[in-house]
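Below, each value reflects all heavy atoms present in this structure, side chains not excepted, and no hydrogens, waters or symmetry copies.
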Amino acid sequence: MKKIINKPENYVKEMLEGLYIAHPDLITYTADDLHCLVTANKREGKVGLATGGGSGHLPLFLGYVGKGMLDGCSVGDVFQSPSAEQMLAVTKAIDSGAGVLYIYGNYNGDIFNFDMAAEMADFEENIQVLSVVAGDDVASAGPSAPGEKSTRRGVAGIFFVFKCAGAAADKMLPLEEVKRIAEKAAANVRTMGVALTPCTVPRVGKPGFSIGEDEMEIGMGIHGEAGIRHGKIEPADQITDEMLDKIITDLPYTAGNEVDVLVNGLGATPLDEQYIVTRRISMYLAEKNIKVHRFYVGEYATAIEMAGISISVLKLDAELKALMEAPACTPFFRQ
Amino acid sequence: MKKIINKPENYVKEMLEGLYIAHPDLITYTADDLHCLVTANKREGKVGLATGGGSGHLPLFLGYVGKGMLDGCSVGDVFQSPSAEQMLAVTKAIDSGAGVLYIYGNYNGDIFNFDMAAEMADFEENIQVLSVVAGDDVASAGPSAPGEKSTRRGVAGIFFVFKCAGAAADKMLPLEEVKRIAEKAAANVRTMGVALTPCTVPRVGKPGFSIGEDEMEIGMGIHGEAGIRHGKIEPADQITDEMLDKIITDLPYTAGNEVDVLVNGLGATPLDEQYIVTRRISMYLAEKNIKVHRFYVGEYATAIEMAGISISVLKLDAELKALMEAPACTPFFRQ
Amino acid sequence: MDKGYIIKLLENLKDIMMTNKDYLIQLDSVVGDGDLGLTMSDGFLAAYNAVKDTDDNDIGKILYAAGKAMSTAVPSTMGTLMASGFMNAGKVLKGTTEVTLTDIANLFDAYLEGVAARGKAKLGDKTFLDGLAPAVASLKASAKNQDTLEHAASDAAYAAEEGFMHTNQLLAVHGRAATRGEESRKLLDPGAAVAMLMMKAFHKSVR
Amino acid sequence: MDKGYIIKLLENLKDIMMTNKDYLIQLDSVVGDGDLGLTMSDGFLAAYNAVKDTDDNDIGKILYAAGKAMSTAVPSTMGTLMASGFMNAGKVLKGTTEVTLTDIANLFDAYLEGVAARGKAKLGDKTFLDGLAPAVASLKASAKNQDTLEHAASDAAYAAEEGFMHTNQLLAVHGRAATRGEESRKLLDPGAAVAMLMMKAFHKSVR
Ligand SMILES: Nc1ncnc2c1ncn2[C@@H]1O[C@H](COP(=O)(O)OP(=O)(O)O)[C@@H](O)[C@H]1O
Ligand SMILES: Nc1ncnc2c1ncn2[C@@H]1O[C@H](COP(=O)(O)OP(=O)(O)O)[C@@H](O)[C@H]1O
Ligand SMILES: [Mg+2]
Ligand SMILES: [Mg+2]
Ligand SMILES: [Mg+2]
Ligand SMILES: [Mg+2]
């Protein structure tokens, strides 16, 4: 395990201490608990937006707390959900009477805890809480039947949901409206990833799985969940096309659509490669007559030090487009 | 070589194509040559700021072209200088009569080419060009005697030089003044790095050197130049202290000083680890009674997919502090 | 039986999870991420510690407090589910200071309900429910038959064990195990093992 | 001799770099990054191609154009240094359409100056200069003695070779080799080998 860390059991605590030191203008914490991160710039009367999840995905989740995006984030141990109590503490801190919307990824532990936190907020604190669960990874399961709960994992595409909902809340829209927008963004985003190397949870000390020296795993999840196929590494253009084929046909995205695209590095993959993929996406979508409104390129949701890339596509309408264009200022995302 | 690329010989070209696709509002190119990158928002009457250097260091160098920082960048092949002609093309495109300042790292190839370009600009185009060469890596050589040229390599600290000079040019200061400020910033920044893994130049296809499975190299350069010692990996706090000991005593930085600090990931090291190091730096400097004005944390200057971190410290006075606080908007840096 | 019994039950639950820590780690390592032994021993310890010296006599409140402590200590899948079980049992038994076999059947029924409401799994989905549900059914039948507490607990423990042993017939549809598809079928479910251990501890608490 | 000779010289320079590509790669692989064979063959090819069909009779302009083409083709350390040599020689010989031995001595002297001005190395720093400088000195002496061109070229080639062979006594202070400190001393300098090859090609061009 090649990591610049101290004791593995202090990994998350020390990372959080560093974060608060570096971004005092944007974030702070509540309930005397470093894991209960909240904005340093609370706006009265605004719907509070909270997320949460395991560590190991920086800048996800906490990096999107700030102006124009989220108001709070409860932070778990690496790849582990934070507790309902921590979520409740964040909820209490960010509510200013307009209610709170939870937006988080589709993982069992997170769902159970956010549900419990929502009940506690209602029963114990009389705070109205609604929830939107994002599941954008087309590789993780087939599309769900109408009315059925999605079984897809939430991955990098949640960034778009944060951005749209954050801008909506910033416009002082009411809770139900912000939820509608978050759901609309979530319903219109699809993601797929490819991994080249595994990642190591610091407390475990060795990779949780392995990928052959000249192999890749298409569709692998951000905790190393199995993908849809593994095989020899192929040229970037070919990998990109395979991922886009899956993404495009799933929603589907069709000629005449306008989209935002997120090209996301999973941790160890240089920006150069992300731009090589960006180039191909642009060619591919142009051929399908799908117009790219804007590319976002960089590390937005990682899997510790996994090498790999994911592509997320958000289908825009006038409403989502305007929300995507709104300004935002968080530790990791500025626009 | 685990990379998501197409033909290695197209690595830089395709990366650049992706960049122009993703950031059309900020950057474009001149002389019909993708390697001659210039701002899309030229300001008449402003001193032009140009940099350049080999690829493989994203977001260095081109990522800092935009508003409030640089105006142009010539882009070489991986770890190779661009040509004087490309530098000249950039110079011509960004000059608007106020002259051009070159700011680049202390490497032979870059120096020779920038010198040649400056001569061409003078002889052939009648453009006044001045140069500032940044050499901030304390591990690469001892301090130079007064009046002597520094033999230190330029590494991540050049970000501070770009930022200060960029803000000065943005204030419409004349060429000599912008140069004075760039030199002052360069004179007050020191950097040191540590590497855990090697990196692979795509056209070479295998790592240029190796580091033992449980070893690190303190002071390694961003092309894999040998450091000052290698040994077993140590806890993050210990590594941080060793690097800071070298940095602090070099300038020196003393009690009562105010500084900006850049914690830079070299490519494969997760943000978490960068924040763990940030935490320690904050403790260390507090003990020395050196005040941190601001932390910058993230990937600012990489060595392809090297795992490792560098720390850069800029000593501030009122002038540099104000310049560091000025706004900037580039593909990779927004403030 | 008063709150003293409930606290003893919580102590026995804690003890059995501690004793079987490695067994649960081993089961979860095959199917999931291997943390179940740690989360269950830490979680039941936190539950017990939170109430062992309580002044409260309200059995419902005690169970609710134990659950909340557990949810804070171990916010993992099973940690939160077990916490939800205790909290729901607490709500149902709120105001009770004495319990009979019928109350205990209700307690575990409410626990099962709490887990099911939280996790939204169905019987046969290869989860904790498939271990606990047969035991609750057995307890209810025993209560109806007015069996002795010890006899009822013995039957319940047996039913839970059978339920657990039966999980290697089932296809996983929740959590990490589900990502294995058909391959998951031949494996025993770690969460159902926790149900079996709970019923063993319950049996011990009434002997 | 008119521009025809200069173009033939450039052709011979290109040929010798092509022929010795692997040799230079091998030398540079020991000390540096191994690219010297590629950059020198590509660079001298570009220089030759840029002027081989020129209408210009001005030898100075031809040399300058050759240098510029080289700097564009191979912006590496040696590429830029060789380009600077040609460009400075071009400046010095500007307006010349015929050359004698004295002019050629001046040409290589200006080349040396151009490289030295660009690279700011001193003699003895274990660089290209340590190969070319002895050859230039020899050429100047030959011109003074009014030697035949062929004899002068032969002496110059011999001097350059000796200069090159002598670089394994010197400590590197520039570029990648310098990072090896004392260890660099026992190695031959690849850049100086280029100087030796240049003089060999010059010798061939006048035979
Ligand atoms: N929806 C659910 N309802 C009930 N039990 C569940 C549910 N999902 C998973 N489980 C149980 O949780 C067990 C795994 O728990 P745990 O190790 O805490 O999960 P993880 O480590 O994956 O978060 C499974 O063996 C299963 O019995
Ligand atoms: N300042 C200098 N002046 C003259 N020659 C130099 C100088 N620095 C380096 N050289 C020559 O350059 C050679 C290496 O050239 P090259 O392979 O192009 O360098 P790199 O690949 O490191 O950029 C050395 O062998 C040396 O002879
Ligand atoms: Mg588990
Ligand atoms: Mg777990
Ligand atoms: Mg070389
Ligand atoms: Mg080279």
May I ask you to name which of A:Thr197, A:Thr278, A:Ile233, A:Asp237 has the most heavy-atom pairs under 4.5 Å with chain B? A:Asp237
When the 4.5 angstrom heavy-atom criterion is applied to A:Ile239 and chain B, the contacting part is side chain
Name the region of B:Ala307, side chain, backbone, both or neither, that has any atom closer than 4.5 Å to a heavy atom of chain A. neither
For chain B, find its close neighbours in residues 328-335 of chain A: heavy-atom separation under 4.5 Å, sorted by number, or none. A:Phe332, A:Arg334
Using a cut-off of under 4.5 Å on heavy-atom pairs, state which of A:His23, A:Gln238, A:Met216 scores highest against chain B. A:His23
Electrostatic pair A:Glu9-A:Arg203, nearest N-O below 4.0 angstrom: no
Does either side chain, that of B:Asn264 or that of B:Glu299, offer a donor lying less than 3.5 Å from an acceptor on the other one? no
Toward chain A, the part of B:Leu271 with a non-hydrogen atom under 4.5 Å: both
If we define contacts as heavy-atom pairs under 4.5 Å, which of B:Glu215, B:Lys13, B:Arg294 has the most with chain A? B:Glu215
Short side-chain to backbone donor-acceptor contact, B:Gln274 and B:Gly298, under 3.5 Å: yes
Among A:Leu58, A:Thr302, A:Ile309, single out the residue with the greatest number of heavy-atom pairs under 4.5 Å to chain B. A:Leu58
Near B:Tyr29 OH, under 6.0 Å, is it more than 12 heavy atoms from other residues, nucleotides or ligands? no
Quick one: closest heavy-atom pair of B:Ala195 and B:Met220, and the distance? CB-SD, 3.5 Å
Work out which heavy atom in A:Asp272 is nearest to a heavy atom in B:Gly56; give both atom names and the distance. OD2-N, 4.1 Å
Structural part of A:Pro59 lying under 4.5 Å from a heavy atom of chain B: both
Is chain A contacted by the side chain of B:Leu16, its backbone, both, or neither, given a heavy-atom distance below 4.5 Å? neither
Tell me, for B:Asp214 versus chain A, whether the close heavy atoms (under 4.5 Å) come from the side chain, the backbone, both or neither. backbone
Can you tell me if OH on B:Tyr20 sees more than 12 non-hydrogen neighbours from other groups inside 6.0 Å? yes
I'd like to know whether NZ of A:Lys2 has more than 12 heavy-atom contacts from other residues, nucleotides or ligands below 6.0 angstrom. yes
Between B:Tyr300 and B:His57, do the side chains contain a donor N or O and an acceptor N or O under 3.5 Å apart? no
Please identify, among B:Val263, B:Val194, B:Asp25, B:Leu19, the residue contributing the most non-hydrogen atom pairs under 4.5 Å to chain A. B:Leu19
Members of residues 282-290 of chain B whose heavy atoms come closer than 4.5 Å to chain A: B:Ser282
